[in-house]
Amino acid sequence: MQILFAFSNSPKYNEYVNEIVFVDTYGHLLGGKPMKYGYFDDKNREYVITVPGTPLPWINYLGRNDMYGLISNTAGGYTFYKDAKLRRLTRFRYNNVPRDFGGRYYYIKDGNTIWNPAYMPCKTKLDSYSCRHGLGYSIFEASKNDISSSLLCFIPLNDNVEIHKLVLKNNSKELKSINVYGTTEWCLYNAVDDFSNFQRNYNIGEVEIGKNTIYHITEYRERRNHFSFFNVNRDIDGFDSDLDTFIGQMNSWTNPEAVTKGISFSSKASGWSPIAAFRNDIKLQPGEEITLIYLLGYTENDKEDKYLADGSINNKKALALIEKYSTVENVNQALDDLAQQWTKDLSKFQISSPNKKFDRMINIWNQYQCMTTYNLSRSASYFESGMGRGMGFRDSCQDILGFVHIIPEKARQRIIDIASIQFEDGSTYHQYQPLNKKGNADVGSGFNDDPLWLVACTSAYIKETGDLSILNDQVPFNNTLGSEVSLFEHLTRSVNFISDNRGPHGLPLIGRADWNDCLNLNCFSLSPGESFQTASNYDSHKAESVFIAGMFVLYGKEYCELAKLMNKEKENREISTAISEIEKAVIKNGWDGKWYLRAYDAFENKVGSKENEEGKIFIEPQGMCAMAGIGESFEMPKQAIESLEKYLLCDYGVQLLSPCYSKYHIELGEITTYPPGYKENGSVFCHTNPWIVIAETLVGNKEKAYEIYKKYTPSFIEDISEIHRSEPYVYCQTIAGKEAQNYGEGKNSWLTGAASWSFVAASQSILGIQPTYNGLILDPHLPKEFDKIRVVRTFRGVVYNINIFNKNSGIYEMTVDGIKSKDKFIKYDNTKTTIDVEIRL
Ligand code: GLC
Ligand code: GLC
């Protein structure tokens, strides 16, 4: 493989993009054609980054059960156990210059040259560099002065240990004597406290030094029954565990004194900042290769079992992990197991279409991102500090929509956890912390769309699995023992909460906000810095949301289906009545003539209307009400979508609103605090775009559906990475809109509802494979470009081999195992293991 970046201003031929580009050391485009910073390696399910200086850190996630790591293309990031706020293992420096600081920093001192296998932190010019982000692992390959390095980082499936396998090879004809340093900087477990409470923290840091191992045992002497450790599988020649000593006065991680001198100080941390830094002095003969395995681990002990007889910490579990992963064979096996698990998980939905950009999203990256959002909700990314938001109620419910087919059993548990933070009246906490699963009182409640998302994810789970039994599971309110009722009753409280809280126009009250956290119609905030999400609400009992109305119609109908399946006639009747009332209310009071209104504010003024000067039309109600089919007989969905195309469609998708707000409107809240074109004030808020893709298919515009999908889907905008700036393999939350200075720039990558919803839109609307309570509907809406598609979909253990031939003929023909079907539906049949389906369009 060739190096693809130029460390000078000289042109380099980029074999992957087939063009000449000029970039500086930091990857900035100096001239030439628009560039990419890497390429997709579909066979290996990797994105290969070929320039260390990507426009923003391009990151990946390690771990998928209890331990997680964020890792950038220069090995930056941090590691935590279950909860990025409450159980942070390593330190990261936020808001820094450079932005990405703190990470898995390895140093190679070869004579007077000191370099890093992932370029940071020394930024020494490398002879070659690449970073391969794969499914749950990242590999950094580099070379400098005839030494090549490969650093593999991953977390095995079932152990709480982050493995860093470092392979070094001497490619020269001479003996090489090098010092290798492996480092980690500990976080004192509670990330918020670690970042603020220095008067205490600079006194409490403690480590224990073991054989080739440093244990981080801060607060273990008192209430913690866990510690972390860093180990290397080879006898060390020196160590440090005190940051200041290792780094030296006035130095930084870019030039630690120990490393520049090629020595170690054997420092034992006492307070201040504990670290772990090992030195190995290595001689490599010409052609010789050496492998070092570093482990960053975490273990817990029972309260009674914290110490060994001699008074030292009980490190038995740590030693077992160290033993297990001390060999290359075991490490390779663990990587292999991880890969196989991913193959299995992704196999539930695989396609082959004429467009590889589409295929790689569906087959690999979109599903991978769905798993990540499922695991982490909005807690920890390079834009979510891991110290603020835990698991969001509405976020986690929606994350299930795109994840449920991958591991339904996990989704089941999540639904129960989420429902457990609901209150008896059907409203709910907005978030919970993953470590203790308790509702987060700091963020509070009152987001009136929240309860309905519980219906959405429960019905999606039952459609995927057929497991109605979940509805009988006993689930508490607000995690209070003794308050348990059935999950079905939770859903009933959810829909009743909306139905019972309607405003002057017969539409649902918005409360603190609905899906749009920033449309705060009862807030009236005047104090600088006050959070719009938690400011005390004026609670007009007047502000209403057309969006929630659409949601109620859409998911209320799902609730009624479930009620029928559970023989709950009364519940079905009551909610059916409420649905038709709310539907009528939207048609009468929620229609602005050419599109759906957004809301009524606390003074009963229209929001999202032609009468407004700014914010005339919003995306959310167009998507939601069209998906709910409100006013279909008056062609409202069709008209709304036409208006949206006219006013909101831009180069990178559909903007959230138009025109953007230029002034602060106290009666509308946070939405008007963002400069025009950013975030909720008129960016392309990617989460909402799949709603429009779905709506376009519903009103019969399949070309338009695909056109919109392509505009905001990362693999399709890889070629404009210098504009988009975010990772080309995952969705970001927001792309700056037309009115923004940085039009087209993506921000807040990874943790966004865009992941799940895009997968739903592509799989269920474009490809048209829709799970129902008793089978599958197959109703593709394929653009002309897709003349032939093959889909392999595993549904409740049955493998459906689906071949779709698209002549765009306007007719629909399906055969199931060779037999012509009367409709677009295949009833679930558990006597079969595979079913062959052919569809001609
Ligand atoms: C963020 C939140 C999500 C919200 C959206 C719109 O992505 O995580 O819950 O719906 O913003 O405000
Ligand atoms: C801000 C963001 C919004 C996010 C919310 C969460 O309002 O704009 O997207 O959901 O914070 O607290």
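In listed order, ligands and their atoms are each counted from 1.
- No side-chain heavy atom of Phe497 sits less than 4.5 Å from a side-chain heavy atom of Gln422.
- For the pair Arg414 and Tyr374, the cation-pi test (distance below 6.0 Å, angle within 45°) is passed.
- For an aromatic pair to be called close, the ring centres must be under 6.0 Å apart, and Trp691 with Phe547 satisfies this.
- Looking at heavy atoms from C-beta onward, Arg502 lies in side-chain contact with Ile582 at the 4.5 angstrom threshold.
- Taking the ring axis of Tyr382 as reference, the NZ or CZ atom of Arg99 does not stay both within 45° of it and closer than 6.0 Å to the ring centre.
- Ligand 2 lies within reach of Tyr674, whose nearest heavy atom is under 4.0 Å from it.
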Using residues 645-657 as the side-chain source, report each donor-acceptor pair under 3.5 Å to any protein atom, sequence neighbours left out, with the distance given to one decimal.
residue: Asp651; atom: OD2; partner: Tyr743; partner atom: OH; Å: 2.9
residue: Gln655; atom: OE1; partner: Lys738; partner atom: N; Å: 2.7

Provide, line by line, the atom pairs where ligand 1 and the protein bring an N/O atom each to a distance under 3.5 Å; else say none.
residue: ligand 1; atom: 7 (O); partner: Gln733; partner atom: NE2; Å: 2.9
residue: ligand 1; atom: 8 (O); partner: Arg389; partner atom: NH1; Å: 3.1
residue: ligand 1; atom: 8 (O); partner: Arg389; partner atom: NH2; Å: 3.4
residue: ligand 1; atom: 8 (O); partner: Asp395; partner atom: OD1; Å: 3.3
residue: ligand 1; atom: 8 (O); partner: Asp395; partner atom: OD2; Å: 3.1
residue: ligand 1; atom: 9 (O); partner: Arg394; partner atom: NH1; Å: 2.8
residue: ligand 1; atom: 9 (O); partner: Asp395; partner atom: OD1; Å: 2.7
residue: ligand 1; atom: 9 (O); partner: Asp395; partner atom: OD2; Å: 3.4
residue: ligand 1; atom: 10 (O); partner: Arg394; partner atom: NH1; Å: 3.4
residue: ligand 1; atom: 10 (O); partner: Trp515; partner atom: O; Å: 2.5
residue: ligand 1; atom: 10 (O); partner: Trp515; partner atom: NE1; Å: 3.0
residue: ligand 1; atom: 12 (O); partner: Trp515; partner atom: O; Å: 3.4
residue: ligand 1; atom: 12 (O); partner: Asp517; partner atom: N; Å: 2.9
residue: ligand 1; atom: 12 (O); partner: Glu680; partner atom: OE2; Å: 2.5

